[in-house]
Structure formats: C-alpha cells, structure tokens
Number of protein chains: 2
Amino acid sequence: MKKKAATGMHGDCGPKHLAIKDTMELLSGKWKIQIIGALMRNGTMRFMDLLREVDGIAAKMLSKELQELEINELVKRTVCDTKPITVEYEMTTYGRTLEKVIAELAHWGELHRKRIFKKSK
Amino acid sequence: MKKKAATGMHGDCGPKHLAIKDTMELLSGKWKIQIIGALMRNGTMRFMDLLREVDGIAAKMLSKELQELEINELVKRTVCDTKPITVEYEMTTYGRTLEKVIAELAHWGELHRKRIFKKSK
DNA sequence: GTAACCAGTTTCCTTCAGGAAACTGGTTAC
DNA sequence: GTAACCAGTTTCCTGAAGGAAACTGGTTAC
C-alpha cells in the first residue's frame, strides 16, 4: 500500500501526466515561448518583425517554430496581398488561452529569481 | 510605434521572458516533471520506488535529474541509516510552490487533449 | 540593371539529451 | 561464499535540436 501524502492535489491523477507532457512538448524548445510572448505583447507581427524582436533566432528556426505553432492552431498565419507580399502572424483565440499558463510560469520564475538573488549576496 | 494588443498581460514585460525561461529550463527535459509529479503524489519515495514508478526511466537519468532538482532545492534528499542504506526523496516546501504551475500545465493540457479528440472524430 | 526588402528554404555542421548495459561497493539472508 | 537488494556511476552510442551561411524567387525603388 502506497503512502498518500497531503499534497493538496485533487483526486484523479490518471492521464494528467499525459496532459502535462502534451503542454510541455508544445511549449518546449528554445524559442516557442519567446515567439508566443512576442506575439502576445505586440499583437500582429510580420516574419521580419519577429526575426528582429526574438533575440538571436535564425530564420530557419523561426520558420520551423511558426509552422509548428500554426499546425497546433496557436498561431494564425495570414498572407497579405501587398507589394512586396508580407505575412502576418498573430495568436489565435485558442492560443490566447495559454496566457494563464505562461503567466504562472512567469510568476514562479520571478519568485525563483528573487530567491536565487538573495542567496547570491 | 509598436502596436500594443489587449492581451490582458499586466505592464512591465521587462525580464519576464527570463523568468519564463528559467522556469522552463528547470522543468524541461523528459523526466523532471514526471519525477516531481510522482513525489507530489506519493510524498516520500526512495530511489528504487522512483525507478519503478517513473515509467521507462533509466537509473542514470533518474540520478542525474534528482541531482539537478536537489541543487535547485526543489527536492530534498535524505540518507537513512538503515541496512541496507536507503535514500529518501521528497519535495521541499519550496518545491511545492510549483504546484500551481504544474496544475496550470495539466489543466491546459486537458483542454488541449479534448480539442484534439474532438477534431479526430 | 542592380541594390534592397520580403519570406522563407537548404545545406552542412556541432552539441547535447537521453538510452542500454555493465560495473561499483556496501549489506543482509541463507 | 554466493545470491539478492540498495543506490548509484561509468562507458559508449545515437538521434534530435539548433546554429551559420548561402541560396531562392518575387517586388520595388533608383
């Protein structure tokens, strides 16, 4: 018989780890969250905007990550009939549901940074 | 002048992306969240318990991940003077502050799974 | 016609995460 | 003394992630 600790976690820990895994896979990698962050902050952005704003990313990576985000319907891609053609990227309504998750990640990260900072002095 | 979208995100987006990056780095990799999950569900666990519970992990990986989690003070390691010696791992109080983050990841992941499921039929 | 801008793609290369299996070193039960 | 359990470590290997740079293909401004 396994010990059950008072973790505060609510019942049914069934496929929850799969759900977590899914989310992590969607967000993992060096760039996805940064791209999402840029799009959430700035609204609609073109490819070149993103290339400039996401610090250090290469065109290949940006292209690849945007494709993945589009496939997962987090980001919408719109080709504009301008000269020269431009392409607009923005978060989908669905993509915006990630805001809470990202806010939590940011919030905890800030606590952690404060903690690390205190230690170091 | 850059467009500011109504993201619901609150002011100061300064080093926030660093905070997010920190959190992601701490949780990234194939195993960390699974280990944390196991410890949160079961309370105190020994090395062998974890090896059995975390499906598919190899001893090397478990050892390495636990070291990293310990360094970051998310997990506490206690050597028990039993025969043969056993080692207990448990979440620290600090580690438990991750609960909300993980709950958000799980919650979003479940929504996402439902969405994928709907599409597929 | 040539330089510059847009939105990528392709190629080639390096690094690192992670896996399998063997090995260490101690303890106990028989 | 030998088999089994604990808690790892070491070695060797592979595949995927990611970076740099060159290339494509179209359009416009000069």
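Both I85(B) and I57(A) sit near DNA chain D, but only I85(B) has its closest nucleotide nearer the 5' end. Closest-nucleotide positions on DNA chain D for T82(A) and E65(A) were compared, and the one nearer the 5' end corresponds to E65(A).
Rounded to a whole Å, the CG atom of L51(A) is 13 Å from the C1' atom of dC5(C). Note: CE (M45(B)) to C1' (dG8(D)) measures 17 Å, nearest angstrom. Atom-to-atom, NZ of K83(B) to C1' of dC6(D) comes out at 13 Å; the value is rounded to the nearest Å. Atom P of nucleotide dA7(C) and atom CD of E88(A) are separated by 9 Å, given to the nearest angstrom. If you take CG of L69(B) and P of dG8(D), they are 13 Å apart, rounded to a whole angstrom. Residue D81(B) contributes atom CG, which lies 12 Å from atom C1' of dT27(C) at whole-angstrom precision. Between D49(A) atom CG and dC6(C) atom P there is a gap of 9 Å when expressed in whole angstrom units. Atoms CG (L62(A)) and P (dA21(D)) sit 18 Å apart, rounded to a whole Å.
In this structure, E70(A) does not pair ionically with K76(A), as no charged nitrogen and carboxylate oxygen lie closer than 4.0 Å. At a threshold of 4.0 Å, the pair K30(B)-E65(B) does not count as salt-bridged, since none of the basic side-chain nitrogens sits closer than that to a carboxylate oxygen. Remark: R41(A) engages E53(A) in a salt bridge, criterion side-chain N to carboxylate O under 4.0 Å.
Considering only side-chain N and O atoms, R77(A) lies under 4.0 angstrom from the phosphate OP1 or OP2 of dG8(C). Taking only side-chain nitrogens and oxygens, K30(A) comes nearer than 4.0 Å to OP1 or OP2 of dG19(D). Between dT9(D) and S63(B), a contact under 4.0 Å exists linking OP1 or OP2 to a side-chain N or O. For dG8(C), neither phosphate oxygen OP1 nor OP2 lies less than 4.0 angstrom from any side-chain nitrogen or oxygen of Q67(A).
Nucleic acid contact class of G29(A) (heavy atoms, under 4.0 Å, all strands): sugar-phosphate only.
In this structure dG19(C) sits in a base pair with dC12(D), meeting the Watson-Crick or G-U test at under 3.5 Å. In a base pair of the Watson-Crick type (N1 to N3 plus N6-O4 or O6-N4) or a G-U wobble (N1-O2 and O6-N3), with each distance short of 3.5 Å, dC30(D) is matched with dG1(C). With a 3.5 Å ceiling on both atom-pair distances, the Watson-Crick or G-U wobble partner of dT24(D) is dA7(C). Pairing of dA17(D), defined by two Watson-Crick or G-U wobble distances under 3.5 Å, is identified with dT14(C).
Scanning atom types as modelled, no donor and acceptor separated by under 3.5 angstrom connect the side chain of K64(A) and the base of dG18(D). Looking at K60(B), its side chain has no donor and acceptor atom pair within 3.5 Å of the base of dG8(D).
Criterion: ILVMFWY side-chain heavy atoms under 4.5 Å apart, direct or through other members. Under it, V79(A) and L39(A) are part of a common hydrophobic cluster.
For M61(B), the side-chain atoms get nearest to dG18(C) when compared with the rest of dG18(C), dT28(D), dT9(D). Side-chain atoms of R52(B) lie closest to dC6(D) of the nucleotides dC6(D), dT28(D), dC6(C). Nearest nucleotide to the side chain of V87(A), out of dA7(C), dA7(D), dC6(C): dA7(C). When distances run from any side-chain atom of W31(A) to the nucleotides dT28(D), dG19(D), dC6(D), the shortest one goes to dG19(D).
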E90(A)/R77(A) under salt bridge (Lys or Arg N to Asp or Glu O under 4.0 Å): CA gap, chis, key distance, verdict: CA-CA 7 Å; E90(A) 60 189 315; R77(A) 179 179 185 271; over 6 Å; no

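Relative ring orientation between F47(B) and Y89(B) is described as tilted, the plane-to-plane angle lying within the 30° to 60° band.
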